[in-house]
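The block underneath contains the structure these notes are about, expressed in structure tokens.
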Amino acid sequence: MSDKKYTITAALPYANGPVHVGHLAGVYVPADIYVRYLRSKGEDVAFVCGSDEHGVPITIRAKKEGVTPQEIVDKYHGIIKKSFADFGISFDIYSRTSSTTQHQTASEFFKKLYDDGAFEEKETEQFYDEKNQQFLADRYIVGTCPRCSFDGAYGDQCESCGSTLSSTELINPTSALSGEKPVMRNTKHWYLPLDKYENWLKEWIVDGHKNDWKTNVYGQCKSWIDQGLQARAVTRDLDWGVPVPVEGAEGKVLYVWFDAPIGYISATKDWAAEKGKNWEDYWKGENTELVHFIGKDNIVFHCIIFPTMLKAEGSYVLPQNVPANEFLNLEGDKISTSRNWAVWLHEYLEELPGKEDVLRYTLCANAPETKDNDFTWKDFQARNNNELVAILGNFINRAVVLTHKYFEEKVPERNTLEAIDEEVIQKMNEFPQLIAASLDKYRFREAMGVFMDLARLGNKYLADTEPWKLIKEDEQRVATILNISLQIAANLAIVGEPFLPFSMKKLEGILNTTSRKWNEAGKADLLDSGHQLNKATLLFEKIEDEMVATQVQKLENTKKQNEMENKEVAPLKPEITFDDFMKMDIRIGKVLEAEKMKKSKKLLKLIIDTGIDTRTVLSGIAEHFTPEEVVGQQVSVLVNLAPRKMMGIESQGMVLMAEDNDGSLKFIQPGDEVVPGALVS
RNA sequence: CGCGGGGUGGAGCAGUUGGUAGCUCGUCGGGCUCAUAACCCGAAGGUCACAAGUUCGAGUCUUGUCCCCGCUACCA
């Protein structure tokens with residue numbers, strides 16, 4: 001008996017919102033399929049996951065809602081954990097990073113690296129919000145962009161001109177949290193010197209995993225490594241998280257990305273303790289295979305930072321593979337927690353009870369394995385009706401119903417085999433290896449497709465042999481055909497279990513068998529003749545148009561409702577005098593020409609007839625309008641605004657726009673056409 | 001801007017070291033009736049994002065361009 005172990009991790013969901021279909025398709029469904037397959041093969045697997053409960057966003061959300069961070073994470077941890085369990089994601093443990101074990105483990109991990117001198121210590125000046133008594137991440141500082149004078153630039157980037165900034169460059173920086181002016185303060189942090197591991201990473205990933213990692217993952221890693229790595233801070237000034245366990249680090253916690261992956265380890269510890277196993281077998285064993293299932297945004301953390309941490313620590317195994325998926329869109333739009341554009345798992349389970357496998361099937365069939373993909377309710381319905389019902393469910397039903405009709409619910413005797421029988425048995429025998437080959441390569445869509453081909457094989461076999469015709473003349477022949485058909489059904493139950501655990505359980509019920517393991521798949525004698533079957537029930541039911549319409553409607557409603565809630569009217573600006581207003585020279589002009597600025601996402605170059613002259617105005621509207629749409633429009637122009645150079649061209653004025661709730665822009669236009677140069681006042 | 005991934009018949013995907021473009025669903029026609037109007041057979045449908053190049057020959061290699069997504073707050 002080998003001591004081979006598998007440690008399979010699924011990305012820790014961030015505990016500030018429930019889980020949606022995007023998470024499932026990208027991470028949890030493929031991970032669960034893989035794990036179920038391994039277990040069926042009899043492998044020793046630890047499938048670990050948990051809620052990621054630290055980090056700045058949770059503290060901000062808590063502050064906004066007037067509750068403690070703990071209350072936020074308790075709420076979502078509960079929802080997430082339950083929905084995973086109900087959905088059949090078969091974690092061995094679903095833990096959380098606020099657990100005692102995690103605090104200890106992360107703390108010890110940091111201490112070990114600290115004692116080994118693996119960190120660099122750096123003191124820097126950072127903005128500090130005195131009102132909120134906390135240091136501010138770049139993203140939480142807002143000010144005027146030094147390049148384009150845009151007011152709402154963030155500390156790391158200006159959304160208007162796209163330039164990358166450092167928060168110290170901002171003019172008039174203010175805290176996004178309190179609106180106060182932040183002050184500079186000294187702070188000390190510990191850095192993981194990734195640059196020192198560059199050669200090792202190069203060897204390990206660029207040379208070592210060229211052929212077995214997915215191209216998107218490999219490409220991303222290679223690009224990071226080739227560009228040169230920099231030391232990365234692993235601590236933060238914050239009071240929510242795992243305290244930094246060294247002297248002089250009061251008020252500091254481990255950076256959430258140092259903390260979170262250690263959650264995989266602490267979860268394994270808790271699980272092992274409960275099961276009387278040794279957790280180290282699953283993290284430090286020579287024959288341990290560690291696999292991280294994640295989404296594409298996490299590639300750098302799981303392929304570079306966490307492995308470097310493990311390497312620096314020294315006693316851990318490294319991930320064997322990191323099969324990261326791309327993203328899933330919903331009805332053509334990006335899934336967004338904040339915009340409430342999502343199908344939430346806990347709601348799905350409530351509203352479509354008993355349809356766990358339909359969602360699993362749809363998400364696996366549409367899994368964004370190589371590129372972003374789209375989930376639509378129409379496709380969900382089609383997958384169910386045309387594939388699960390028509391091909392898989394129907395085959396089972398045909399085989400069982402025929403048996404009931406002709407052989408009183410008992411598996412009939414198999415008699416002399418004809419060529420077609422031999423052929424079908426031979427093909428059936430090949431399926432487990434075919435499916436396994438795909439699963440071993442993390443090609444879940446392909447694997448599931450092959451599984452469905454087995455059901456197709458069954459349907460074809462019945463169509464070719466036509467037992468309903470033969471029954472009148474040759475009952476023995478029909479017995480053979482149905483025996484083989486039922487063997488196919490029994491095989492489906494084994495190889496389909498990783499994909500459709502609920503339905504395959506149901507199928508076992510119909511066939512009156514217990515769960516069988518992967519090594520029995522492919523055999524043509526899983527059911528003995530004379531074996532008593534149970535009554536046929538349908539594995540899948542048709543999904544009617546109304547159900548789909550209801551879900552689509554719900555999506556539209558929540559979107560609308562969400563927009564209403566977000567209808568935040570910008571606060572009133574300070575009062576100005578009439579004279580102040582009169583200083584502005586706003587006129588109606590007509591756009592004569594428009595072209596997209598090269599090398600700019602947002603800027604359009606407009607030639608405008610202002611009545612007094614014809615001038616060039618650059619406007620950041622390229623993401624909302626094509627040049628063609630703009631030409632000929634009458635627009636309001638602030639004509640006495642000081643000229644400003646952008647992308648090498650001088651802009652002589654500003655086109656006035658109104659920004660709608662959804663972020664789209666509309667021109668401020670006269671109701672009827674007026675002469676160019678008409679004053680606005 | 002840069003870097004990475006993707007762009008293949010209506011939809012979703014395969015296409016290994018360059019050699020007549022495949023699969024599933026949908027559509028159309030036929031067959032069958034055991035089965036949840038399900039199943040089986042056949043057909044139509046693609047200038048493989050665009051352009052140039054290397055080659056006897058390119059979806060597959062090279063160069064350039066365009067579009068989508070990520071790297072960049074929330075977030076898989």
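Scope of the values below: all heavy atoms of this structure, side chains included, with no hydrogens, waters or symmetry mates. Chain letters run A, B, ... following the sequence lines, proteins first and then strands; every chain starts at 1. Everything quoted here is computed from the prediction, not taken from an experiment.
- Heavy-atom contacts from other residues, nucleotides or ligands closer than 6.0 Å to CD of E473(A) number more than 12.
- Taking 4.0 angstrom as the limit, K334(A) places none of its side-chain polar atoms (N or O) nearer than this to OP1 or OP2 of rC69(B).
- Applying the 4.0 Å criterion to OP1 and OP2 of rC13(B), one finds that K371(A) has a side-chain N or O inside that range.
- Spacing of C1' atoms, rC61(B) relative to rG22(B), comes out at 22 Å, to the nearest Å.
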> If you write RNA chain B from 5' to 3' in dot-bracket form, with Watson-Crick or G-U pairs under 3.5 Å, [ ] for crossing pairs and | for pairs with another strand, what do you get?
Replying inline: .((((((..((((.....[..)))).(((((.......))))).....(((((..]....))))))))))).....
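- As judged by a 4.0 angstrom heavy-atom cut-off over every strand, G449(A) is placed among residues making no nucleic acid contact.
- Taking the six-membered ring for Trp and thresholds of 30 and 60 degrees, F380(A) and Y348(A) have ring planes more than 60 degrees apart, a perpendicular arrangement.
- Heavy-atom nearest nucleotides on RNA chain B were determined for R445(A) and for L388(A), and the one closer to the 5' end corresponds to R445(A).
- To the nearest 0.5 Å, atom CG of residue L24(A) and atom SG of residue C364(A) are 12.0 Å apart.
- Using a 4.0 Å cut-off, some side-chain N or O of T370(A) falls inside it from OP1 or OP2 of rA14(B).
- Using a 4.0 Å heavy-atom criterion, one finds that F540(A) contacts the bases of the nucleic acid, with or without backbone contacts as well.
- Only the P atoms considered, rA44(B) is 45 Å distant from rC3(B), to the nearest whole Å.
- Applying the side-chain hydrogen bond (donor to acceptor under 3.5 Å, both in side chains) test to every pair with at least one member in residues 392-402 of chain A, sequence neighbours left out, gives these pairs: R398(A)-N459(A).
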Under-3.5 Å N/O pairs linking protein and nucleotides 24-34 of chain B:
unit_1, atom_1, unit_2, atom_2, d
rU24(B), O3', R456(A), NH2, 3.0
rU24(B), O2', R456(A), NH2, 3.4
rG26(B), OP1, N386(A), OD1, 3.4
rC34(B), O3', K405(A), NZ, 3.0
rC34(B), O2, R398(A), NE, 3.1
rC34(B), N3, R398(A), NE, 3.2
rC34(B), N3, R398(A), NH2, 2.5
rC34(B), N4, R398(A), NH2, 3.0

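- Side-chain N/O atoms of K222(A) include none lying less than 4.0 angstrom from OP1 or OP2 on rC71(B).
- When the nucleotides rA76(B), rG12(B), rG70(B) are ranked by their closest atom to the side chain of N373(A), rG12(B) comes out on top.
- Counting only N and O atoms by type, the side chains of K371(A) and N216(A) include no donor and acceptor under 3.5 Å apart.
- Both N298(A) and D379(A) sit near RNA chain B, but only D379(A) has its closest nucleotide nearer the 5' end.
- At the heavy-atom level, I471(A) lies nowhere under 4.0 Å from the strands shown.
- In the set rA38(B), rG5(B), rA76(B), rA38(B) carries the atom at the smallest distance from any side-chain atom of A390(A).
- We find that NZ of K214(A) is positioned 14 Å from C1' of rG4(B), with the value rounded to whole Å.
- One interatomic measurement links the two molecules: CG of L229(A) to P of rC3(B), which rounds to 17 Å at whole-angstrom precision.
- Between R61(A) and rA73(B), a side-chain N or O to OP1/OP2 separation shorter than 4.0 Å is absent.
- Following rounding to the nearest Å, L328(A) (CG) and rA76(B) (C1') show an atom-to-atom distance of 10 Å.
- Looking at heavy-atom distances under 4.0 Å, L470(A) makes no contact with the nucleic acid at all.
- The NZ-P distance, from K441(A) to rU16(B), rounds to 12 Å in whole Å.
- N385(A) has its CG atom 15 Å from the C1' atom of rC39(B), to the nearest Å.
- The nearest whole Å value for the distance from the CZ atom in F380(A) to the C1' atom in rA11(B) is 17 Å.
- Straight-line distance between the C1' atoms of rG2(B) and rG15(B): roughly 31 Å, to the nearest whole Å.
- For the atom pair CG (L388(A)) and CG (D357(A)), the distance works out to 8.0 Å, reported to the nearest 0.5 Å.
- Between the side chains of D212(A) and Y218(A), no donor-acceptor pair of N or O atoms lies under 3.5 Å.
- Between rC28(B) and rG10(B), the distance separating the two C1' atoms is 13 Å to the nearest Å.
- Ring pair H302(A)/W257(A) is perpendicular by interplanar angle, where above 60° counts as perpendicular and below 30° as parallel.
- Legend: residues meeting side chain to side chain contact (heavy atoms under 4.5 Å, CB included) with K405(A), ordered by chain and number and at least two apart, are absent.
- rC48(B) and rC23(B) have their C1' atoms separated by 16 Å, with the value rounded to a whole Å.
- Rounded to whole Å, the separation between the C1' atoms of rU24(B) and rG64(B) comes to 36 Å.
- The structure places NZ of K334(A) at 13.5 Å from CG of D374(A), a figure rounded to the nearest 0.5 Å.
- At the heavy-atom level, G26(A) lies nowhere under 4.0 Å from the strands shown.
- Going from the P atom of rC67(B) to that of rA73(B) covers 24 Å, rounded to whole Å.
- Distance, Q381(A) CD to rG12(B) P: 17 Å, rounded to whole Å.
- Rounded to an integer number of Å, the gap from CD of E326(A) to P of rG4(B) is 14 Å.
- With sequence neighbours excluded, the residues forming a ring pair (Phe, Tyr, Trp, His ring centres under 6.0 Å) with H209(A) are W204(A), W213(A), listed by chain and number.
- Backbone-only contact: N366(A) has heavy atoms under 4.0 Å from sugar-phosphate atoms and none from a base.
- The H23(A) side chain lies nearest to rA76(B) when the options are rC39(B), rU36(B), rA76(B).
- The P atoms of rG70(B) and rC74(B) are separated by 14 Å, rounded to the nearest whole Å.
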Tabulate below the donor-acceptor pairs under 3.5 Å that side-chain atoms of residues 437-447 of chain A make, not counting sequence neighbours, or state none.
unit_1, atom_1, unit_2, atom_2, d
S438(A), OG, E446(A), OE1, 2.7
D440(A), OD1, Y37(A), OH, 3.0
R443(A), NH1, E446(A), OE2, 3.1
R445(A), NH1, A367(A), O, 3.0

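- Using a 4.0 Å heavy-atom criterion, one finds that K460(A) contacts the sugar-phosphate atoms exclusively.
- For I335(A), the side-chain atoms get nearest to rA76(B) when compared with the rest of rC41(B), rG6(B), rA76(B).
- Summarising the geometry, atom CZ belonging to F395(A) is positioned 13.5 Å from atom NZ belonging to K460(A); distances are rounded to the nearest 0.5 Å.
- Taking every side-chain heavy atom of K296(A) into account, rC69(B) is the closest of rC69(B), rG4(B), rG15(B).
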